[in-house]
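Notes follow the structure.
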Amino acid sequence: MTIPEPTGVHPAWLPPEAFRAIGSRRTLVLGAGLLVGTVRDEVARACAAYGGALRHPGVTGDLDTRETARGDRADGAFDLVFALSTAQSPPDAVQAVRERSRRRYGDAGPGIGDEGFLIARHDGVTVVLADEPAGLLYGLFHVVRLGKPAFGAARPLERHRPAMRLRMLDHWDNVDVHPVMGQVERGYAGGSIFWRDGALSGDLTRVGAYGRLLAACGVNAITVNNVNVHATEAHLLTDRLGDVAAIADRLRPYGVRVHLSAGFASPIALGGLPTADPLDEDVREWWARTTERVYQAIPDLGGYVVKADSEGQPGPFAYGRSHADGANVLADALAPFGGVVHWRAFVYNHRQDWRDRSVDRARAAYDHFTPLDGLFRGNVILQVKHGPIDFQVREPSSPLIAAMPATRVAVELQVTQEYTGQQRHVCYLAPMWSEVLAFRPWGPAGPDVARIVAGAAADRDDIGTEHDGWTADETGCLVGVSNVGDDPYWTGHPLAQANLYAFGRLAWAPWTDPGAILDEWIDLTFAPAETGDAERLRRTLHAVMDGSWRTYERYTAPLGVGFMVRPGHHYGPDVDGYEYTPWGTYHFADRDGVGVDRTRATGTGFTGQYPPPWSEVYESLEQCPDELLLFFHHVPYGHVLHSGSTVIQHIYDTHFAGVEQVAETRALWAKLAGAGPVPPDVHARVSELLDEQLRCAEEWRDQINAYFFRKSGVPDAHGRRIP
Ligand code: GCV
């Protein structure tokens with residue numbers, strides 16, 4: 001197969017140079033199947049560019065016709081072998097690696113799983129061994145990431161398996177251009193790569209290239225439409241199913257399965273039934289029949305994603321039914337085909353009375369779902385946003401994650417930067433996600449969020465004992481809302497590509513250091529040669545990106561209070577924009593103080609949703625971490641933080657500092673102009689965006705500082721100008 005490439009599109013982390021190390025070597029591929037074919041085609045392409053040789057004997061033992069022209073050279077010794085563990089008469093190096101694996105893992109085998117692989121270097125041959133074709137594909141991209149060192153001195157045996165079974169990106173893409181939300185809801189990278197103006201995109205080459213990028217960072221599932229399912233999009237389940245099948249065809253060679261966002265009221269909207277009551281026999285029958293047809297068209301569909309009773313989407317509440325009733329009817333329809341329902345826990349009252357201080361949006365998901373623990377079918381995955389509110393720059397972990405022991409739980413992250421600068425600001429999110437995944441709801445002795453989600457709580461003792469991580473129970477799922485569009489750089493801001501890459505890598509191995517992920521991304525994307533320039537590039541990109549999430553936090557809403565964004569589009573500051581609205585996102589600033597009292601003693605009682613020690617830590621004004629103080633407590637402006645500063649002075653200081661850091665970032669980036677591995681177009685695009693980031697950061701600084709100065713009357717201790 002010739003791998004089609006979109007034109008005029010940035011190659012992201014797979015430029016041809018990233019394949020140099022593989023492409024100049026002699027490679028043997030052993031095995032059959034669609035994904036083995038993909039491995040072969042990738043190697044063939046690399047060999048064509050860099051002069052290496054490939055051999056892929058066909059299953060019958062004949063040489064495959066797609067062997068490279070120089071395949072004869074590959075007839076003898078190989079530098080690199082990709083082999084399925086069932087391969088007959090493999091070269092000695094493969095036998096030796098198998099033997100090593102037997103000694104290490106015992107006769108029962110290494111437990112590679114259907115996506116894992118072993119890698120070792122023996123006698124000058126790098127061997128990648130997998131039980132299933134998907135493992136070889138992930139092994140290939142691992143070798144790409146390693147580059148030249150994959151072929152250096154002997155490599156010890158390593159076993160790599162994903163922590164999460166499902167590593168999934170949700171696209172909030174609309175088929176029709178929505179009058180308010182556009183082609184992609186909360187999309188900051190142009191239009192959709194799937195849909196354009198009410199129809200399937202005319203050229204799906206881009207979708208194939210996307211699948212390739214996803215496989216290279218470990219993502220294996222996507223949804224193709226928005227969780228807000230509008231009228232046209234509802235039809236993807238029935239008469240527009242062919243469009244979904246066409247997308248699935250493009251992604252299948254890269255091991256990426258497609259899921260569909262389904263509207264809960266589809267039996268009415270599409271089936272002409274008078275009700276969508278999940279306990280109604282006709283409704284059950286409709287879902288069963290419809291799902292059967294879906295699987296006839298797309299036998300490997302992953303399943304459905306459902307947003308119900310949330311922000312105007314229909315749901316089971318209309319019929320007096322529970323969310324378990326609602327999810328289970330879809331789960332039953334999907335079960336015969338091995339499909340899953342991702343049921344979103346983002347359920348809250350978006351029409352609350354702002355005067356009513358007893359209602360707390362942070363409480364909603366836990367209050368709705370914990371009574372249902374144990375009532376969901378085994379193929380329901382409750383998809384929980386990582387924080388209790390809505391992807392703010394700083395939130396505590398959602399207490400629901402730890403409160404559903406008898407339910408499969410997925411955590412949802414937001415790769416699209418709705419509240420973190422909308423891909424106009426540099427904001428490398430991996431450090432935030434690492435914190436989210438490393439949070440231990442039961443304190444230091446208990447499992448962290450990554451393990452709870454991976455279903456690996458039981459074997460937590462082996463963490464870190466092997467560099468290949470821990471064993472999950474094959475049900476785990478991490479979801480990210482995609483930041484991709486039809487923009488030439490995929491993500492609008494070229495540096496936002498790193499967030500997409502990091503999402504996949506953290507879903508595969510949540511323990512990975514965000515700085516190390518950034519290094520991988522830099523080396524692949526810019527494929528810098530080993531020169532002084534490369535070192536400078538790495539240093540600069542780390543200086544620009546490592547701390548960018550914290551910088552963004554400094555110049556926006558302070559101390560975990562959240563929002564303060566302009567309602568509607570959510571870009572830029574508007575301190576009181578949501579204060580007197582029905583959305584449940586308030587900061588309660590007055591002349592004396594600011595913050596939301598969520599304590600059990602005097603507030604909404606939200607702190608009680610956490611197990612100890614956090615229920616106590618968050619309840620206590622003394623113990624609550626500074627960065628979440630205003631999420632949990634309403635305090636006077638003079639309240640002294642652990643840092644020694646007062647709340648009001650902290651607000652001033654961080655807002656001045658945040659803007660200075662953006663200015664420094666811009667100056668650092670400017671120095672990369674005209675030299676080194678950053679192409680001029682990328683440099684220019686990032687420079688323009690940094691100008692905008694600085695403008696916007698100054699606006700945030702001035703509005704926040706002026707607002708709190710006017711409310712409190714407390715001057716800045718350093719006498720800086722506050723407008
Ligand atoms: C898809 C936030 C966003 C909405 C989004 C919603 C959700 O409220 O602003 O655009 O809707 O989250 O996650 O469902």
Legend entry - Residue pair Y428 / L518: nearest heavy atoms and the distance that separates them: OH-N, 3.5 Å
Legend entry - Euclidean distance, R252 CZ relative to L34 CG, rounded to 0.5 Å: 8.0 Å
Legend entry - salt_bridge(R20, E17) N-O dist < 4.0 Å: no
Inset, instruction - Please confirm whether the backbone N or O of T491 pairs with a side-chain atom of N483, one donor and one acceptor, at under 3.5 Å? - result: no
Inset, instruction - Check the pair D92 / V125 against side chain to side chain contact (heavy atoms under 4.5 Å, CB included), numbers first and verdict last. - result: CA-CA 10 Å; D92 292 351; V125 185; over 6 Å; no
Legend entry - Residues that A335 engages under side chain to side chain contact (heavy atoms under 4.5 Å, CB included), provided they are two or more places apart: N379
Legend entry - Under 3.5 Å donor-acceptor, S101 side chain and V97 backbone: no
Inset, instruction - Taking the side chain as every heavy atom from C-beta outward, state whether Q497 and H10 have any atom pair closer than 4.5 Å. - result: yes
Legend entry - Check: S482 and V415 side chains under 4.5 Å, non-hydrogen atoms: no
Inset, instruction - Show your reasoning for whether side chain to side chain contact (heavy atoms under 4.5 Å, CB included) applies to E115 and R165. - result: CA-CA 9 Å; E115 295 183 304; R165 179 76 187 84; 3.3 Å; yes
Inset, instruction - Search all heavy atoms of T126 against all heavy atoms of F151 and return the closest pair with its distance. - result: OG1-CD2, 3.6 Å
Inset, instruction - Could you tell me whether the side chain of L506 reaches within less than 4.5 Å of the side chain of L437, counting heavy atoms only? - result: yes
Inset, instruction - Taking R25 for its side chain and D79 for its backbone only, find out whether a donor-acceptor pair lies under 3.5 Å. - result: no
Inset, instruction - Verify side-chain hydrogen bond (donor to acceptor under 3.5 Å, both in side chains) between Q417 and H493, making sure each step is shown before the conclusion. - result: CA-CA 11 Å; Q417 292 172 234; H493 201 306; over 6 Å; no
Inset, instruction - Please determine, by modelled atom types, if Q423 and D487 share a side-chain donor-acceptor pair under 3.5 angstrom. - result: no
Legend entry - E435 side, atom CD; L429 side, atom CG - distance, nearest 0.5 Å: 12.0 Å
Legend entry - Pair R145 + D523, salt bridge at N-O below 4.0 Å: no
Legend entry - Backbone of N499 reached by a side-chain donor or acceptor of W521 within 3.5 Å: no
Legend entry - Contact check, side chains of C427 and M432, non-hydrogen atoms, under 4.5 Å: no
Legend entry - Close side-chain approach of F194 to N225, heavy-atom, < 4.5 Å: no
Inset, instruction - Just do the side chain to side chain contact (heavy atoms under 4.5 Å, CB included) check on V36 and L84 with the steps written out, would you? - result: CA-CA 9 Å; V36 178; L84 285 181; 4.2 Å; yes
Legend entry - side chain to side chain contact (heavy atoms under 4.5 Å, CB included) against V409, all qualifying residues, sequence neighbours excluded: V384, M404
Inset, instruction - Give, for atom CG of L251 and atom CZ of R212, the distance between the pair rounded to the nearest 0.5 Å. - result: 14.0 Å
Inset, instruction - Decide whether a cation-pi geometry holds between R206 and W490; the criteria are a distance under 6.0 Å from NZ or CZ to the six-membered ring centre and an angle within 45° of the ring axis. - result: yes
Inset, instruction - Work out which heavy atom in H171 is nearest to a heavy atom in V484; give both atom names and the distance. - result: CE1-CB, 4.2 Å
Legend entry - Flag, side chain of D114 to backbone of E132, donor-acceptor distance under 3.5 Å: no
Legend entry - Closest approach of R408 to G378 (non-hydrogen atoms, all atoms of both residues): NH1-O, 3.0 Å
Inset, instruction - Go through the side-chain N and O atoms of H542 and D519 and say whether any donor and acceptor fall under 3.5 Å apart. - result: yes
Inset, instruction - Specify the closest pair of heavy atoms between A502 and A430, including all atoms of both residues, with the distance to one decimal. - result: CB-CB, 3.8 Å
Legend entry - Rounded distance (nearest 0.5 Å) linking atom OH of Y210 with atom CZ of R250: 16.0 Å
Inset, instruction - Would you verify whether the NZ or CZ of R161 falls within 45 degrees of the ring axis of Y105 while also being under 6.0 Å from that six-membered ring's centre? - result: no
Legend entry - Minimum side-chain heavy-atom gap Q383-D170 below 4.5 Å: yes
Inset, instruction - Return yes if some donor-acceptor pair links the side-chain N/O of R121 with the main-chain N/O of G124 below 3.5 Å, else return no. - result: yes
Inset, instruction - Keeping the roles fixed (side chain from R685, backbone from P494), state whether a donor-acceptor pair exists under 3.5 Å. - result: no
Inset, instruction - Verify the ring-centre separation between H142 and F117: is it less than 6.0 angstrom? - result: yes
Inset, instruction - May I ask you to decide if P149's main-chain N or O and R155's side chain share a donor-acceptor pair within less than 3.5 Å? - result: yes
Legend entry - Non-hydrogen atoms of H259 and L301 that approach each other most closely: CA-CD1, 4.5 Å
Legend entry - Interatomic spacing from CG in L478 to CH2 in W508 - rounded to 0.5 Å: 14.0 Å
Legend entry - Atom pair CG/OH of N220 and Y254 - distance to nearest 0.5 Å: 15.5 Å
Inset, instruction - Would you indicate whether the side-chain heavy atoms of F82 and L140 approach each other to under 4.5 Å? - result: yes
Inset, instruction - Step by step, work out the side chain to side chain contact (heavy atoms under 4.5 Å, CB included) result for I247 and W195. - result: CA-CA 10 Å; I247 295 171; W195 316 105; 3.7 Å; yes
Inset, instruction - Please tell me if the side chains of R536 and L672 come closer than 4.5 Å, counting only heavy atoms from C-beta onward. - result: yes
Inset, instruction - Taking atom types as modelled, find out whether H342 and E412 have a side-chain donor-acceptor pair closer than 3.5 angstrom. - result: no
